[in-house]
Undergrad: 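Let me begin by handing over the structure; questions about it come next.
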Amino acid sequence: MGQYIIEGGNRLNGQVRVQGAKNSALPILAAAVAVGKPCLIHNCPDLSDIDATIKILRSLGCRVVKNGDMVSVDSTGLTSNVISECLMREMRSSIIFMGALISRTGEAEITAPGGCDIGLRPFDLHLSAMKKLGVNVSEKRGKIRCTCKRVRGGRITLSFPSVGATENIILASVRAAGTTVIINAAREPEIADLAYFLNSCGARISGAGESVITVEGVDALHSSQYAIMPDRIAACTYMAAAAITGSSIIADGVVLSHLAPVAGCFEQMGCRIESSGNKLRLTAPERLKSPETVRTMPYPGFPTDCQAIIMSTVSVAQGTTIVCENIFENRFKHVAELNRMGTDIKVHDKIAVINGVKSLQGTAVNATDLRAGAALVLAGLCAEGTTYVRDIHYIDRGYDSFAENLTALGAVIKRKD
Ligand code: EPZ
């Protein structure tokens with residue numbers, strides 16, 4: 001379903017404006033259901049996952065108008081708290097509507113969500129947290145029904161700092177009777193962005209971005225306008241495009257602190273990183289060196305969403321790199337595709353060993369998930385000859401104007417639907 005045709009070997013230069021964060025925009029749009037008043041979201045990226053979220057909002061009776069990077073959501077006239085299996089299956093973050101609907105109506109009927117096939121993607125932590133907030137949860141023939149008179153605040157310790165579970169707990173408890181404390185909460189910047197948005201609507205959330213978050217329930221929330229933070233994973237992707245092609249580019253509109261975990265890795269590869277304000281310049285060396293072992297960890301550790309992107313980059317570095325994927329159990333599907341291009345990567349359980357090679361050869365490869373697809377495009381940018389990256393609908397889920405941005409930087413990449 002659509003492919004990118006890439007002529008490799010071109011140096012990049014210039015500046016790219018980094019899109020709004022997908023994993024911030026998705027929960028914030030769902031949160032508009034909990035707010036119950038008109039909200040205007042700015043800097044929203046143009047992605048198929050955003051379109052899927054808008055479809056869910058409209059199926060619930062919300063009025064949604066998308067105008068460029070602005071999305072207005074008016075959930076005043078909510079008419080339903082049921083989300084169809086078809087809509088739930090379109091992406092992972094459909095699960096976040098559970099907390100928002102419970103907050104607003106006391107009820108939600110959903111099914112298991114979809115999402116990239118990078119592991120089982122269970123949501124047991126989400127459901128057990130809802131129960132601790134006084135929500136009755138029943139599962140029958142694939143449908144999950146949540147009901148409660150009014151959410152009561154509680155103390156929830158997460159066995160894993162799950163991003164989605166943290167978001168669902170915040171959304172379910174924002175209008176609860178009493179206070180909720182989340183212990184071992186996810187610390188990803190997207191959690192803080194969600195909390196900043198909800199606080200701009202009158203919520204009382206503190207500690208977001210730290211491992212203990214406190215949500216003091218309020219009776220009602222009010223309208224707000226909010227600008228989504230920059231996408232740190234997209235920023236890393238463009239930095240990697242410069243690194244793998246021996247180029248120097250500027251990523252504009254970034255939050256430098258969000259990039260700290262990956263910036264260190266690029267510097268170990270011999271890249272120079274200069275920053276001023278919200279601009280970051282990455283200048284690659286003639287040939288990359290292999291960095292220290294890359295271990296994916298919850299934030300502020302190395303982000304799992306950058307694992308495939310970095311693996312592509314180090315595949316042509318001098319030396320051997322070890323990558324350890326600690327978050328998802330099936331997130332190495334890009335390896336087989338990269339090896340078709342001449343990389344030398346072996347996988348042993350959650351460890352990948354990448355022996356850097358001098359060059360890659362263009363060929364036909366298949367995107368298997370969102371970030372794997374981006375990693376294959378990066379490999380195509382430096383490969384000899386032409387690379388055909390197929391199934392690029394995965395990439396459309398998370399990258400806004402990907403080919404246009406790379407073309408503006410000097411890449412030769414065409415989309416063929
Ligand atoms: C979010 O997924 C992101 N998606 C993912 O980005 C990201 O990789 C992930 O967080 C980790 O940072 C969105 O925000 C839409 P988790 P999420 O719950 O919430 C296990 C991308 O490419 N777990 O933190 O699903 C789970 O299996 C996507 O943009 C449970 O066991 O991630 C995984 O091993 C991919 N039970 C680990 O926790 C649960 O109830 C992390 O999952 C929930 C999660």
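Order of listing sets the numbers, starting from 1, for every ligand and every atom in it.
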Undergrad: Identify the two heavy atoms, one from Gly153 and one from Ala176, that lie closest to each other, and give their separation to 0.1 Å.
TA: N-CB, 4.1 Å

Undergrad: If you count every heavy atom of other residues, nucleotides or ligands that lies below 6.0 Å from Arg340 atom CZ, does the total exceed 12?
TA: no

Undergrad: Given salt bridge (charged side-chain N to carboxylate O under 4.0 Å, His left out), test Arg232 with Asp305 step by step and report yes or no.
TA: CA-CA 10 Å; Arg232 59 196 171 99; Asp305 293 348; 5.7 Å; no

Undergrad: Nearest protein heavy atom to atom 2 (O) of ligand 1, by residue and atom, and its distance?
TA: Arg121 NH2, 3.6 Å

Undergrad: Is the shortest distance from a heavy atom of Leu120 to ligand 1 less than 4.0 Å?
TA: no

Undergrad: Measure Asp124 to ligand 1 on non-hydrogen atoms and call it side chain, backbone, both or neither using the 4.0 Å cut-off.
TA: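 The answer is both.
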
Undergrad: Given 3.5 Å as the limit, does a donor-acceptor pair link the side chain of His42 with the main chain of Met70, or not?
TA: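 Judged by distance alone, no pair lies under 3.5 Å.
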
Undergrad: Looking only at atom types and distance, does a side-chain atom of Asp49 sit under 3.5 Å from a main-chain N or O of Gly398, one as donor and one as acceptor?
TA: no

Undergrad: Could you work out, for atom 9 (C) of ligand 1, the closest of Phe328, Phe123, Tyr394, Tyr299 by heavy-atom distance?
TA: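 Shortest heavy-atom distance from atom 9 (C) of ligand 1: Phe328.
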
Undergrad: Starting from atom 16 (P) of ligand 1, what is the nearest protein heavy atom, named by residue and atom, and what distance separates them?
TA: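 For this ligand atom, the closest protein heavy atom is Val163 N, 3.7 Å.
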
Undergrad: Counting only non-hydrogen atoms of the protein, does one fall under 4.0 Å from atom 20 (C) of ligand 1?
TA: no

Undergrad: As an exercise, identify every atom of ligand 1 less than 4.0 angstrom from a heavy atom of Ser93.
TA: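 Per the distance check, 15 (C).
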
Undergrad: Name the option, out of Pro122, Ala21, Ala165, that contains the heavy atom nearest to atom 43 (C) of ligand 1.
TA: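 Answer by nearest heavy atom: Pro122.
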
Undergrad: Check each atom of ligand 1 against the heavy atoms of Arg92 and keep those under 4.0 Å away; list them by number with element.
TA: 25 (O), 43 (C)

Undergrad: Is Glu329 close to ligand 1, meaning an N/O of one under 3.5 Å from an N/O of the other?
TA: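 In this structure, Glu329 places no N or O atom under 3.5 Å from an N or O of ligand 1.
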
Undergrad: Which atoms of ligand 1 are found less than 4.0 Å from any heavy atom of Lys22?
TA: 21 (C), 29 (O)

Undergrad: Could you find the nearest protein heavy atom to atom 5 (C) of ligand 1 and give me its residue, atom name and distance?
TA: Asp305 OD2, 3.8 Å

Undergrad: Examine Thr304 against ligand 1 and note whether any of their N/O atoms are separated by less than 3.5 Å.
TA: no

Undergrad: How far is atom 18 (O) of ligand 1 from its nearest protein heavy atom, and which residue and atom name does that atom have?
TA: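 Here the nearest protein heavy atom works out to Ser162 OG, 2.7 Å.
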
Undergrad: Without swapping roles, check the side chain of Lys37 against the backbone of Ala32 for a donor-acceptor pair under 3.5 Å.
TA: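 Here the side-chain-to-backbone pair does not exist.
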
Undergrad: Using side-chain heavy atoms (C-beta onward) and a distance below 4.5 Å, is Lys279 in contact with Val254?
TA: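 Answer no - side chains too far apart.
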
Undergrad: Suppose I only count heavy atoms of Phe160 and a 4.0 Å limit; which atoms of ligand 1 are within that range?
TA: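 Under 4.0 Å from Phe160, ligand 1 has these atoms: 37 (C), 38 (O), 41 (C).
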
Undergrad: Has the side chain of Ser173 got a donor or acceptor atom that lies under 3.5 Å from a matching backbone atom of Val215?
TA: no

Undergrad: List every atom of ligand 1 that sits less than 4.0 Å from any heavy atom of His126, numbering the atoms from 1 in the order shown and giving each element.
TA: 40 (O)

Undergrad: Donor-acceptor check, side chain of Glu267 to backbone of Gly270, threshold 3.5 angstrom: yes or no?
TA: no

Undergrad: Any atoms of ligand 1 less than 4.0 Å from a non-hydrogen atom of Arg371? List them with their elements.
TA: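 Matching atoms, with element in brackets: 21 (C), 22 (O), 29 (O).
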
Undergrad: Tell me whether ligand 1 is touched by Ile118 - counting only heavy atoms on the residue side and a distance under 4.0 Å.
TA: yes

Undergrad: Can you tell me the protein heavy atom closest to atom 34 (O) of ligand 1 and the distance?
TA: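 Protein heavy atom with the smallest distance to atom 34 (O) of ligand 1: Ile327 O, 2.5 Å.
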
Undergrad: Taking Asn355 as the fixed residue, which of Thr321, Thr343, Asp344 is the one that meets the side-chain hydrogen bond (donor to acceptor under 3.5 Å, both in side chains) rule?
TA: Asp344

Undergrad: Could you tell me which non-hydrogen atom of Pro27 sits nearest to which non-hydrogen atom of Leu171, and how far apart they are?
TA: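 Nearest pair, atom of Pro27 first, then Leu171: O-CD1, 4.5 Å.
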
Undergrad: Looking at Gly164, which atoms of ligand 1 are within less than 4.0 Å of one of its heavy atoms?
TA: 18 (O), 19 (O)

Undergrad: Is it true that the side chains of Ser224 and Ser200 contain a donor and an acceptor less than 3.5 Å apart?
TA: yes

Undergrad: Can you tell me if Arg331 contacts ligand 1 (heavy atom of the residue under 4.0 Å from the ligand)?
TA: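 Checking ligand 1 against Arg331, which is what was asked, there is a heavy-atom contact under 4.0 Å.
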
